[in-house]
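We use all heavy atoms of the structure for the numbers below, so side chains are in, but hydrogens, waters and symmetry mates are not.
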Amino acid sequence: MKDYKKYYIIPAAPEEVYVALTNPSTIQLWTGDPAEMSTEPGSEFSLFEGNIVGRNLEFEEGKMIVQEWYFGEQTDKSIVTIKLHPHKHGTSAELRHLNIPDEDYDDIVEGWNEAYFGALIEFYEDEF
């Protein structure tokens, strides 16, 4: 199991980024795929045509999202925490992903950098 931590600068206010990460319609705008998402703790979610699935654990509006991501029969919970901080260029998103299976690590890191935060940053850059 491996952990991953990184900061991303997104050219939008933390409140906008929070909506982009939690509202199914807004998620579809920047991913291009339908999404199942709720801000109800305990609800399940599905992103990127079911390639990312899990359970929502905790939300702090405009500031934080905590999720459990499912990886097959994994016994140790894979926990994703995204904290949103105001930044002079918009939002500093602090990502922490714990307990990533070794065999999935490279794909997950690439996914965070390109498909997830890369696409979100590009979405907001295109807005301005």
Side-chain angles (χ1 to χ4, degrees):
M1 296 290 192
K2 294 182 180 177
D3 296 344
Y4 183 66
K5 184 175 182 178
K6 186 168 179 178
Y7 289 86
Y8 300 87
I9 304 301
I10 304 162
E15 297 76 21
E16 290 179 67
V17 175
Y18 179 84
V19 169
L21 297 175
T22 58
N23 180 298
S25 300
T26 311
I27 293 169
Q28 186 169 349
L29 288 176
W30 62 269
T31 65
D33 296 317
E36 293 176 33
M37 178 61 76
S38 163
T39 53
E40 186 67 37
S43 62
E44 300 215 332
F45 66 89
S46 175
L47 307 171
F48 297 98
E49 297 182 317
N51 288 314
I52 299 173
V53 292
R55 188 166 55 97
N56 292 307
L57 302 177
E58 184 182 341
F59 294 94
E60 189 175 341
E61 192 169 340
K63 296 183 179 182
M64 185 178 70
I65 300 162
V66 182
Q67 300 172 321
E68 176 186 352
W69 284 27
Y70 300 152
F71 289 98
E73 301 299 313
Q74 179 174 320
T75 53
D76 293 332
K77 292 182 177 182
S78 183
I79 304 296
V80 169
T81 303
I82 298 171
K83 293 183 180 177
L84 305 174
H85 308 282
H87 185 276
K88 65 182 177 182
H89 298 295
T91 298
S92 171
E94 175 188 343
L95 165 70
R96 189 162 189 190
H97 192 165
L98 306 177
N99 294 327
I100 303 168
D102 293 346
E103 63 274 12
D104 295 317
Y105 184 81
D106 291 340
D107 288 341
I108 293 294
V109 168
E110 182 180 324
W112 280 120
N113 291 330
E114 294 175 18
Y116 201 97
F117 280 107
L120 186 61
I121 291 165
E122 198 173 284
F123 173 75
Y124 281 110
E125 286 174 341
D126 290 347
E127 292 283 303
F128 293 99

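Judged by distance alone, the side chain of Ser92 and the main-chain N or O of His85 form no donor-acceptor pair under 3.5 Å. Using modelled atom types, no side-chain atom of Asn56 and backbone atom of Gly42 make a donor-acceptor pair closer than 3.5 Å.
Side chains of Leu84 and Lys63 form no contact here, defined as non-hydrogen atoms less than 4.5 Å apart.
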Can you list the steps and then say if Thr31 with Leu47 is a side-chain contact (heavy atoms from CB on, under 4.5 Å)?
CA-CA 9 Å; Thr31 65; Leu47 307 171; over 6 Å; no
Evaluate the criterion side-chain contact (heavy atoms from CB on, under 4.5 Å) for residue pair Asn99 and Trp69; output intermediate values, then yes/no.
CA-CA 10 Å; Asn99 294 327; Trp69 284 27; over 6 Å; no
Check the pair Phe59 / Leu21 against side-chain contact (heavy atoms from CB on, under 4.5 Å), numbers first and verdict last.
CA-CA 11 Å; Phe59 294 94; Leu21 297 175; over 6 Å; no
Run Lys5 and Glu94 through side-chain contact (heavy atoms from CB on, under 4.5 Å) and show every step you take.
CA-CA 7 Å; Lys5 184 175 182 178; Glu94 175 188 343; 3.7 Å; yes
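Hydrophobic clustering places Ile108 together with Leu95 (ILVMFWY residues linked when any side-chain heavy atoms are closer than 4.5 Å, directly or through intermediates). With hydrophobic clusters built from ILVMFWY side chains whose heavy atoms lie under 4.5 angstrom apart, Leu29 shares a cluster with Ile10. At a threshold of 4.5 Å between side-chain heavy atoms, the hydrophobic network of Ile, Leu, Val, Met, Phe, Trp and Tyr places Leu98 and Tyr8 in two separate groups. Clustering ILVMFWY residues whenever any of their side-chain heavy atoms sit less than 4.5 angstrom apart, transitively, puts Met64 in a cluster other than the one holding Tyr116. Tyr70 and Val109 are assigned to two separate hydrophobic clusters, defined by single-linkage of ILVMFWY side chains at heavy-atom distances under 4.5 Å.
Hydrophobic side-chain contacts under 4.5 Å tie Ile9 to no other Ile, Leu, Val, Met, Phe, Trp or Tyr residue.
Closest heavy-atom contact between Asp102 and Met1: OD1-N, 2.9 Å. Across every non-hydrogen atom of Pro14 and Gly90, the tightest pair is CD-O, 3.9 Å.
In this structure, Phe117 has its ring center no closer than 6.0 Å to that of Trp30.
Once rounded to the nearest 0.5 Å, the distance linking CD1 of Ile100 with CG of Asp76 reads 13.0 Å. To the nearest 0.5 Å, the span separating CG on Asp33 from CD on Glu49 amounts to 4.0 Å.
Just one residue in the list Thr22, Ile82, Leu120, Thr26 forms a side-chain contact (heavy atoms from CB on, under 4.5 Å) with Val17, and that residue is Leu120. Considering Trp112, Tyr105, Tyr4 as possible partners of His97, the one that fulfils the side chain to side chain donor-acceptor pair (under 3.5 Å) test is Trp112. Partner Gln67 forms a side-chain contact (heavy atoms from CB on, under 4.5 Å) with one of Glu58, Arg55, Met37 and no other, that one being Met37.
Residue-environment remark: CD (Gln28) exceeds the threshold of 12 foreign heavy atoms within 6.0 Å.
Under the 3.5 Å distance criterion, with hydrogens and angles disregarded, no donor-acceptor pair is assigned to the side chains of Glu16 and Tyr124.
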